[in-house]
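All figures in this text were calculated on a predicted structure; none of them were measured in a lab. The first residue in the sequence is number 1, and the count goes up from there. Both backbone and side-chain heavy atoms feed into the values below; hydrogens, waters and symmetry mates do not.
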Amino acid sequence: MRHRMRGRKLGRNASHRKAMFRNMAVSLIKTVRIDEEAENAPKVSGRITTTVQKAKELRPFIEKLITVAKKAQPHIENAAQYATSAEKNSSEWKTWRESEQWNQWNQALAPALSYRRRAFAELRDNEAVDILFNELAERFAERNGGYTRVVRLATVRLGDAGAQAIIEFVGERDRVKPTRRSETLGSAATEEATEEAPADEEAPAEETVETESEAAADEAPATEAEASEGETAEAEEEKKEE
């Protein structure tokens with residue numbers, strides 16, 4: 001039983017798996033910089049195609065490297081205030097090299113250099129480390145985890161019909177979640193209700209006006225009938241007296 005044995009073996013021993021993930025991580029990182037003049041230049045930046053199982057195992061490997069690069073950014077920014085823009089081996093640079101400012105720059109940059117060496121120990125590629133610290137770390141500076149995604153492909157691999165997937169960096173070609181039709185209809189109904197609300201509130205006032213006018217009309221005939229009855233009674237009394 002494989003209790004407490006995390007991860008897939010993928011039919012390889014430990015050293016072979018480590019080398020495979022190293023090569024895949026370097027390939028994925030290098031696709032961020034596309035050289036269009038190269039013979040085998042990738043068509044889409046920040047993306048490689050592999051099997052589903054390899055993509056799932058590569059994802060934590062590459063995301064830990066991005067986290068290491070992000071941890072080095074504060075130290076690099078802190079060391080920038082002690083740096084010099086003079087050309088190396090010039091008289092001004094030599095003066096800065098022997099000053100106290102260089103010691104402060106060296107101490108501030110030491111943790112970032114340690115993180116860079118850790119990343120190089122995993123990748124063994126200077127260009128990939130440079131892209132990792134200069135581009136990907138700045139790109140995901142405001143993002144806490146989840147730097148990559150795995151998307152399954154419908155086509156299988158030729159030869160063994162293995163399930164394929166793409167693993168790519170997030171931030172580009174992100175899908176926008178579509179809104180449901182019921183939600184849009186519900187929002188439209190609420191907007192119409194809010195717009196018609198003042199008209200509904202004014203409606204009872206009109207009804208009250210109408211009811212008052214009807215009541216006045218009903219009262220008017222009653223007064224006329226009472227007046228006519230009074231006149232007839234007076235006429236009858238006069239006839240009796242005669």
Side-chain angles (χ1 to χ4, degrees), residues 4-10 12 14-36 38 40-80 108-155 157 162-179:
R4 300 178 65 84
M5 299 290 291
R6 190 173 64 87
R8 299 173 175 86
K9 289 187 176 182
L10 301 173
R12 295 166 174 83
S15 60
H16 193 174
R17 281 195 305 274
K18 186 176 181 180
M20 180 185 66
F21 290 142
R22 175 184 298 166
N23 293 333
M24 292 175 66
V26 169
S27 300
L28 179 59
I29 294 172
K30 282 187 174 182
T31 56
V32 176
R33 294 180 184 173
I34 294 180
D35 186 7
E36 297 179 355
N40 297 324
K43 297 180 180 179
V44 182
S45 63
R47 173 191 292 181
I48 61 172
T49 303
T50 181
T51 61
V52 176
Q53 292 76 13
K54 289 180 183 178
K56 289 182 177 180
E57 291 297 319
L58 177 63
R59 187 176 183 183
F61 182 85
I62 192 70
E63 291 192 357
K64 289 177 182 177
L65 292 175
I66 296 175
T67 303
V68 169
K70 285 178 59 179
K71 289 180 179 179
Q73 293 305 307
H75 302 287
I76 295 174
E77 294 175 358
N78 185 26
L109 195 63
L113 183 60
S114 176
Y115 287 126
R116 198 177 185 96
R117 286 172 176 168
R118 284 173 57 184
F120 182 79
E122 295 292 336
L123 297 176
R124 293 292 178 181
D125 190 280
N126 288 322
E127 184 181 359
V129 172
D130 184 63
I131 296 172
L132 183 65
F133 279 77
N134 295 337
E135 297 185 20
L136 293 177
E138 296 178 359
R139 178 175 171 181
F140 300 116
E142 302 298 330
R143 190 180 184 92
N144 297 325
Y147 313 116
T148 59
R149 59 169 162 257
V150 177
V151 181
R152 290 175 178 266
L153 298 177
T155 58
R157 186 170 58 181
Q164 289 184 308
I166 59 174
I167 179 171
E168 62 180 355
F169 295 110
V170 300
E172 296 180 1
R173 301 175 296 275
D174 293 340
R175 297 180 181 178
V176 180
K177 186 177 181 180
T179 57

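Here the closest heavy-atom approach between residue L132 and residue A119 is recorded as CD2-CB, 4.1 Å. The two residues A128 and I29 make their nearest non-hydrogen contact at O-CG2, 3.5 Å. Here the closest heavy-atom approach between residue T31 and residue I48 is recorded as CG2-CG2, 4.2 Å. Pairing each heavy atom of R8 with each of R17, the nearest pair is O-CD, 3.5 Å. Across A41 and D35, no two heavy atoms sit closer than the pair CB-O, 3.1 Å. Of all heavy-atom pairs spanning Y115 and V68, the tightest one is O-CG1, 3.6 Å.
Note that the OG atom of S114 and the CZ atom of R117 stand 7.5 Å from one another [nearest 0.5 Å]. In this structure, the separation between CZ on R152 and OG1 on T51 is 10.5 Å, given to the nearest 0.5 Å. The CG atom of L113 lies 12.0 Å from the CZ atom of F120; values are rounded to the nearest 0.5 Å. In this structure, M20 CE and F61 CZ are separated by 10.0 Å, a value rounded to the nearest 0.5 Å.
A cation-pi geometry, defined here as NZ or CZ lying under 6.0 Å from the six-membered ring centre and within 45° of its normal, does not hold between R47 and F169.
Enclosure of atom CZ in R139 by more than 12 non-hydrogen atoms of other residues, nucleotides or ligands within 6.0 angstrom is indicated. With a 6.0 Å radius and a threshold of 12 heavy atoms from other residues, nucleotides or ligands, D174 has its CG atom above the threshold.
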Practice task
Given side chain to side chain contact (heavy atoms under 4.5 Å, CB included), test F140 with E63 step by step and report yes or no.
Solution key: CA-CA 11 Å; F140 300 116; E63 291 192 357; over 6 Å; no
Practice task
Please lay out, stage by stage, how T50 and L58 fare under the test side chain to side chain contact (heavy atoms under 4.5 Å, CB included).
Solution key: CA-CA 10 Å; T50 181; L58 177 63; 5.8 Å; no
Handout entry: Steps toward side chain to side chain contact (heavy atoms under 4.5 Å, CB included) verdict (I131, E127)
Key = CA-CA 6 Å; I131 296 172; E127 184 181 359; 4.2 Å; yes
Exercise for the section: Let me see the working for S45 and I34 under side chain to side chain contact (heavy atoms under 4.5 Å, CB included), right down to the final yes or no. Expected result: CA-CA 7 Å; S45 63; I34 294 180; 3.4 Å; yes
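Checked by atom type and distance alone, the side chain of K70 pairs as donor or acceptor with a backbone atom of R143 at under 3.5 Å. In this structure a side-chain-to-backbone donor-acceptor pair under 3.5 Å is missing from E122 to I62. Using modelled atom types, no side-chain atom of N78 and backbone atom of P74 make a donor-acceptor pair closer than 3.5 Å.
The existence of a salt bridge linking E135 and R33 is confirmed by a sub-4.0 Å separation between a basic side-chain nitrogen and an acidic carboxylate oxygen. Salt-bridge annotation for E168 and R149: present, with a side-chain N of the basic residue lying under 4.0 Å from a carboxylate O of the acidic one. By the 4.0 Å N-to-carboxylate-O rule, R22 lies too far from D125 to be salt-bridged with it. A salt bridge links D130 to R116: one of the charged nitrogens lies within less than 4.0 Å of a carboxylate oxygen.
A heavy-atom distance below 4.5 Å is found between the side chains of R59 and I167. For the pair T148 and V170, the minimum side-chain heavy-atom distance is 4.5 Å or more. Side-chain contact between K54 and L10 is present, with heavy atoms from C-beta onward closer than 4.5 Å. Between V52 and Q164 the shortest side-chain heavy-atom distance does not fall below 4.5 Å.
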